[in-house]
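Accompanying notes for the structure given below.
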Amino acid sequence: MNDELEYRAVLAVDIERSAGRGDRALLEIRARLTEMLKEAFEASGVDWSACLRHDLGDGLRVTAPAGTRKAALVHPLVPELALRLRTYNRGASPLTRIRVRIALHAGDVHVSPDGTVAGSPLEVLARLLDAPPARAALAGAPGTVPASLLLSGHFYDETVRHGHLGLFPEDFRKVGFTVKEHTADAWLQLPGRQPTAEAAPEPADTQEEPAGSEAADSKMAGSKMVNKASGHGVVYATQHGTQHIRIERKH
């Protein structure tokens, strides 16, 4: 066995509610997911052909090449994948729509000459993929949200926390979870979730002005605003913004 350890980033995806769709639908969504993952990796500058890929039945585990910039696996890879999933789902039937849970971790693993990968980081990755907070977040999200993303604390600390280009720590929230013997904190995001519209700003407070004052005159419907200009002029501005300047000369 190869005793050399290599530090690698590892990613896993699992298709939500894949059971019960039938073999034809499952084969279709697995093929489409693999295709979209490949496109997202390539768009992120990560060589898909150099990745080590392992079938998880209703998902996929990907071990990135040594030296891969981990931040690229969060951005732009995850938004690229989310965009492709949303676009695909618009035209897909209910049986072939795809929503996924994504997990990311990194650590020292054994990589065999035949491409087999082993080590405790893969155990952590599997627990992240099954974490209840990620499952619940995706299940409770609108149907247009195509994925949940869960980062290990280690991965978050080395990438997102620093706020590098395209990475926004405020988009993640810290969650705790226990799966089997593994208890840990992780960082959760819902890629592709549309921000809620902000409430319109409240109108500025107004105060009643004494009748006959210049301020009161300006509030009358259809009225004109009267402001003193420097010198001996008076500026009249109508409601629609037209200005008239009258020069008053002293005799």
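Keep in mind that this is a model prediction, so the values were computed, not measured.
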Indicate if Leu122 and Phe155 have the same hydrophobic cluster label, given that clusters are the connected sets of ILVMFWY residues with side-chain heavy-atom separations under 4.5 angstrom.
no

Do Leu60 and Leu33 come within less than 4.5 Å of each other through their side chains, counting heavy atoms only?
no

Any heavy-atom pair between the side chains of Trp48 and Thr34 that's under 4.5 Å?
yes

Do Arg101 side-chain atoms and Asp14 backbone N/O form a donor-acceptor pair below 3.5 Å?
no

Any chain of hydrophobic side-chain contacts (each under 4.5 Å) joining Leu104 to Val62?
yes

Using the side-chain contact (heavy atoms from CB on, under 4.5 Å) rule, take Tyr7 and Lys70 through it: C-alpha gap first, then chi angles, then the decisive distance, then the call.
CA-CA 11 Å; Tyr7 185 80; Lys70 293 196 302 300; 3.6 Å; yes

Proximity of Trp187 and Tyr156 rings by center, below 6.0 Å:
yes

Can you tell me how far apart CG (Leu85) and CG (Leu37) are? Round to the nearest 0.5 Å.
8.0 Å

What are the two closest non-hydrogen atoms of Arg127 and Phe177, and how far apart are they?
O-CE1, 3.7 Å

Nearest heavy-atom neighbours spanning Val117 and His54:
CG2-CE1, 3.9 Å

Please tell me whether Leu128 and Leu149 are part of a single hydrophobic cluster in this structure, the criterion being side-chain heavy atoms less than 4.5 Å apart.
no

When rounded to the nearest 0.5 angstrom, what distance separates CD1 in Ile29 from CZ in Arg99?
13.0 Å

How close do Gly59 and Asp55 get, heavy atom to heavy atom, and via which atoms?
O-OD1, 3.6 Å

Going only through I, L, V, M, F, W and Y residues with side-chain contacts under 4.5 Å, is there a path from Leu188 to Val74?
no

Quick one: does Arg8's side chain have a donor or acceptor within less than 3.5 Å of a partner on Val109's backbone?
no

So, for Ala131 and Leu150, which heavy atoms are closest and what is the spacing to 0.1 Å?
CB-CD2, 3.5 Å

So CG of Asp58 and CD of Glu16: to nearest 0.5 Å the spacing works out to 11.5 Å

Contact between His154 and His105 at the side-chain level, heavy atoms closer than 4.5 Å - yes or no?
yes

Is there a side-chain contact between Pro191 and Asp171 in this structure, where contact means two heavy atoms from C-beta onward sitting under 4.5 Å apart?
no

Looking only at atom types and distance, does a side-chain atom of His110 sit under 3.5 Å from a main-chain N or O of Glu6, one as donor and one as acceptor?
no

Close side-chain approach of Val46 and Leu73, heavy atoms under 4.5 Å:
yes

I would like to know whether Glu28 and Arg24 meet salt bridge (charged side-chain N to carboxylate O under 4.0 Å, His left out); could you show each step before the answer?
CA-CA 6 Å; Glu28 170 69 14; Arg24 292 184 62 184; over 6 Å; no

One thing to verify: whether Glu35 and Arg32 come together as a salt bridge, which I'm taking to mean a side-chain N less than 4.0 angstrom from a carboxylate O.
yes

Flag the pair Ile98 / Pro146 as yes when at least one side-chain heavy-atom distance between them is below 4.5 Å, and no otherwise.
no

Thr144 side chain reached by Arg86 side chain, heavy atoms, under 4.5 Å:
yes

Same cluster or not: are Val10 and Leu129 linked, directly or through other Ile, Leu, Val, Met, Phe, Trp or Tyr residues, by side-chain heavy atoms under 4.5 angstrom apart?
no

Under a 3.5 Å distance rule, please check whether Arg30 uses its side chain to pair with a backbone N or O of Gly57 as donor and acceptor.
yes

Donor-acceptor check, side chain of Ser44 to backbone of Leu77, threshold 3.5 angstrom: yes or no?
yes

If the threshold is 4.0 Å, N to carboxylate O, is there a salt bridge linking Asp130 and Arg135?
yes

How close do Leu167 and Pro169 get, counting heavy atoms only, and between which atoms?
O-CD, 3.6 Å

Can you tell me how far apart CZ (Arg97) and CZ (Arg21) are? Round to the nearest 0.5 Å.
10.0 Å

At their closest point, which heavy atom of Leu81 faces which heavy atom of Ala40, and how far apart are they?
N-CB, 3.8 Å

